[in-house]
Amino acid sequence: MLTLCGIVIVVVGFVAGINPLLVVTVAALATGLAAGLNIVAVISALGHAFTTNRYVGIVWLVLPVIGLLERAGLRERAQVLIARSRQATTGRVLMLYFVVRQLSAALGLTALGGQAQMVRPLIAPMAEAAAERRFGPQTTETNYLIRAHAAAVDNIAVFFGEDIFIAIASILLIKGFLQTNGINVQPLHLSVWAMPTAALALVVHVCRLFLLDRRLRRQAETAEPALVTPPAERAP
């Protein structure tokens, strides 16, 4: 049971707001030591996992490309595109991206979206532009709220959508865990049972985005108009 201490470290570290990289590293070291491995073996396992999954370093290639696109006006063009659409709302933009992201993840195309590649340069600005077109300039708090929903859409859609693809790492991890505990199940069965969960996640999140639109509309209706101070009258 001591090997479960890593989970406790992760939960406590995230709640305390400590650097995620430091939290995960400490959790991995604690789990390895609790399992009876020496410190050299634990560090060796971490290094082997990093070199085996070299695609983790691809983010260093993506970030400069996204930076160049933003400097060339990618965010502005996305905002102009949404501003021209009369039917677009913040919730509808995020709903459309949720469906596309979940379907692409179900086909194994998890790299088509992401926080750095898609949400920050495109989806979040488009959602903010939809709110500004309908309700005018938004406050900083409202913009942060919209960005948080845009980030959540990407995370939730890919999390529940990727399990439908039988060759994804999460399905293989579940199969391996169940098999080590004497439960033999085929990846196809796991994929089939992931479909209702993904559909339910879609329904729940669409409702959340619908409530987001209502919240933005209610904020716009209850916002006090700016007071215009008349010029001071000259003394006779």
Side-chain angles (χ1 to χ4, degrees), residues 7 10-11 13-15 17 19-21 23-24 27 53 55-56 58-59 62-63 66 75 78-79 82 87-131 138 141-175 177 187-219:
I7 300 177
V10 170
V11 172
F14 284 176
V15 170
N19 188 298
L21 181 60
V23 172
V24 172
N53 301 282
Y55 60 86
V56 174
I58 199 172
V59 67
V62 173
L63 290 179
I66 297 300
R75 293 170 59 93
Q79 291 174 340
I82 290 299
Q87 301 300 325
T89 66
T90 300
R92 290 173 185 173
V93 171
L94 297 181
M95 288 176 198
L96 178 61
Y97 179 67
F98 189 100
V99 173
V100 173
R101 182 70 164 133
Q102 193 174 64
L103 290 178
S104 61
L107 297 176
L109 305 175
T110 56
L112 289 182
Q115 302 294 338
Q117 311 96 302
M118 189 67 69
V119 174
R120 185 185 185 279
L122 285 177
I123 303 302
M126 292 169 68
E128 292 176 11
Q138 301 295 305
E141 291 77 9
T142 302
N143 285 332
Y144 284 158
L145 174 66
I146 295 174
R147 295 171 190 175
H149 275 275
V153 162
D154 187 273
N155 286 341
I156 296 173
V158 71
F159 182 85
F160 290 99
E162 66 179 2
D163 290 342
I164 300 177
F165 188 65
I166 61 175
I168 205 71
S170 57
I171 290 292
L172 300 180
L173 176 63
I174 295 173
K175 173 178 170 53
F177 177 79
L188 181 60
H189 295 163
L190 295 174
S191 175
V192 170
W193 282 103
M195 294 180 184
T197 307
L200 182 60
L202 173 61
V203 172
V204 172
H205 209 73
V206 165
C207 294
R208 293 188 68 234
L209 295 175
F210 176 76
L211 294 176
L212 174 63
D213 273 344
R214 290 188 57 184
R215 178 175 178 178
L216 295 177
R217 187 183 307 111
R218 185 168 58 251
Q219 287 180 353

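Residues take their numbers from the sequence shown, with the count starting at 1.
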Problem set entry | Side-chain donor/acceptor of T110 to backbone N/O of A105, under 3.5 Å | no

Exercise. Has the side chain of S104 got a donor or acceptor atom that lies under 3.5 Å from a matching backbone atom of V100?
Worked result: yes

Distance-only criterion, 3.5 Å: show the donor-acceptor pairs between side-chain atoms of residues 200-210 and protein atoms not counting sequence neighbours.
residue, atom, partner, partner atom, Å
H205, ND1, R208, NH1, 3.4

Distance (rounded to the nearest 0.5 Å) between [X] [atom1] and [Y] [atom2]:
X	Y	atom1	atom2	result
M126	I146	CE	CD1	13.0 Å
R218	D213	CZ	CG	11.5 Å
T89	L216	OG1	CG	9.0 Å
L94	L96	CG	CG	9.5 Å
F165	L109	CZ	CG	7.5 Å
L190	I174	CG	CD1	6.0 Å

Problem set entry | Q87 side chain reached by R92 side chain, heavy atoms, under 4.5 Å | yes

Exercise. Under 6.0 Å from the CZ atom of F14, do we count more than 12 heavy atoms belonging to anything else shown?
Worked result: yes

For this session: Might you work through the side-chain contact (heavy atoms from CB on, under 4.5 Å) test for Q138 and L145, ending with a clear yes or no?
Result: CA-CA 11 Å; Q138 301 295 305; L145 174 66; over 6 Å; no

How close do [X] and [Y] get, counting heavy atoms only, and between which atoms?
X	Y	answer
P125	V119	CD-O, 3.8 Å
A88	A130	O-CB, 4.2 Å
T90	A127	OG1-O, 2.9 Å

Donor-acceptor list for residues 149-160 side chains, cut-off 3.5 Å, not counting sequence neighbours:
residue, atom, partner, partner atom, Å
D154, OD2, Y97, OH, 2.5
D154, OD2, R101, NE, 3.0
D154, OD2, G114, N, 3.1
N155, OD1, Q115, NE2, 3.0

